[in-house]
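Below, read A as the first sequence line, B as the second, and so on, with proteins coming before strands; counting in each chain starts at 1.
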Amino acid sequence: KNQVEQSPQSLIILEGKNCTLQCNYTVSPFSNLRWYKQDTGRGPVSLTIMTFSENTKSNGRYTATLDADTKQSSLHITASQLSDSASYICVVSGPYNTDKLIFGTGTRLQVFP
Amino acid sequence: NAGVTQTPKFQVLKTGQSMTLQCAQDMNHNSMYWYRQDPGMGLRLIYYSASEGTTDKGEVPNGYNVSRLNKREFSLRLESAAPSQTSVYFCASSEGLLQGARGNTIYFGEGSWLTVV
């Protein structure tokens, strides 16, 4: 079964610190991987999209990496801010002929002053 | 910019009642989607519409119907609500295919919280 697993489930860090969120997937074949940020009570917002040929992509203080060989991705947040408190969702595109997305359950990040 | 707008924001239904969730996008996107989000689970696709005039089932279509009214609007109907349909519903849209190198961005609405008692 195609799956996307994220770790940790939740994370607490102090403002200004860096953190890294992990995503492992078993989806095959794979064409792209996305990271979304979801604030409490809001809809998900796209951070990055990477294809299998890309190793890294940045969006401001957010940097996503991808290792298609090991089927792992990470999202690194630099110099965290209070506004980074949110759930971060890893999303993998499913088998090519279905045009479906497979969502992880997310990592809940809390940034404290 | 409005993006994807869905209504209502909150709704409480009694078991067996019907209702329609409305969704509209102003980005001239071809594809539209309805997802549900439940605690401890990833978003799951209910129905999608790859283009105006077409609709297809997603992972969890049972108990739902959809209508792609025009290019802008995509509604989700619960004909006879059940407690298992208590969830947060998200409408989304994208310019086109989600697969491959183009990997079009999918834009989500703000969600509709539905409780069935």
Mind checking whether [X] and [Y] sit in one hydrophobic cluster, side chains of I, L, V, M, F, W, Y counted as touching below 4.5 Å?
X: A:Ile102; Y: A:Trp35; value: yes
X: B:Met19; Y: B:Phe74; value: yes
X: B:Val88; Y: B:Met32; value: no
X: A:Leu21; Y: A:Val27; value: yes
X: B:Ile46; Y: B:Leu13; value: yes

query = Where on A:Glu54 is there a heavy atom nearer than 4.5 Å to chain B: the side chain, the backbone, both, or neither?
reply = neither

inquiry  = Please classify the contact of B:Gln37 with chain A as side chain, backbone, both or neither, using a heavy-atom distance under 4.5 Å.
reply    = side chain

key: Residue-level interface, residues 105-113 of chain A with chain B, non-hydrogen cut-off under 4.5 Å   = A:Thr105

key: Close side-chain approach of A:Ile49 to B:Thr105, heavy-atom, < 4.5 Å   = yes

task = Determine whether A:Ile89 and B:Leu43 make a side-chain contact, defined as any pair of heavy atoms from C-beta on separated by less than 4.5 Å.
result = yes

ask   = From A:Leu101 CG over to B:Tyr33 OH, what is the distance, rounded to the nearest 0.5 angstrom?
value = 7.0 Å

Between CZ on residue A:Arg42 and CZ on residue B:Phe90, distance to nearest 0.5 Å = 10.0 Å

request  = If a pair satisfies salt bridge (charged side-chain N to carboxylate O under 4.0 Å, His left out) and one of its residues is in residues 65-86 of chain B, list it, with sequence neighbours excluded.
outcome  = B:Arg77-B:Glu79

inquiry  = For chain A, which candidate among B:Gly40, B:Pro39, B:Gly42 shows the most heavy-atom pairs at distances under 4.5 Å?
reply    = B:Gly42

request  = Taking heavy atoms only and a threshold strictly under 4.5 Å, list by residue number the residues of residues 51-65 of chain B that touch chain A; give 'none' if the list is empty.
outcome  = B:Lys57, B:Gly58

message = Using a 4.5 Å heavy-atom cutoff, which residues in residues 110-117 of chain B come close to chain A?
response = B:Glu110, B:Trp113

query = Closest heavy-atom contact between B:Ile106 and A:Tyr36?
reply = CG2-OH, 2.6 Å

inquiry  = Below 4.5 Å, heavy-atom pairs only: which of A:Pro44, A:Ser46, A:Gly41, A:Gly104 has the largest tally toward chain B?
reply    = A:Pro44

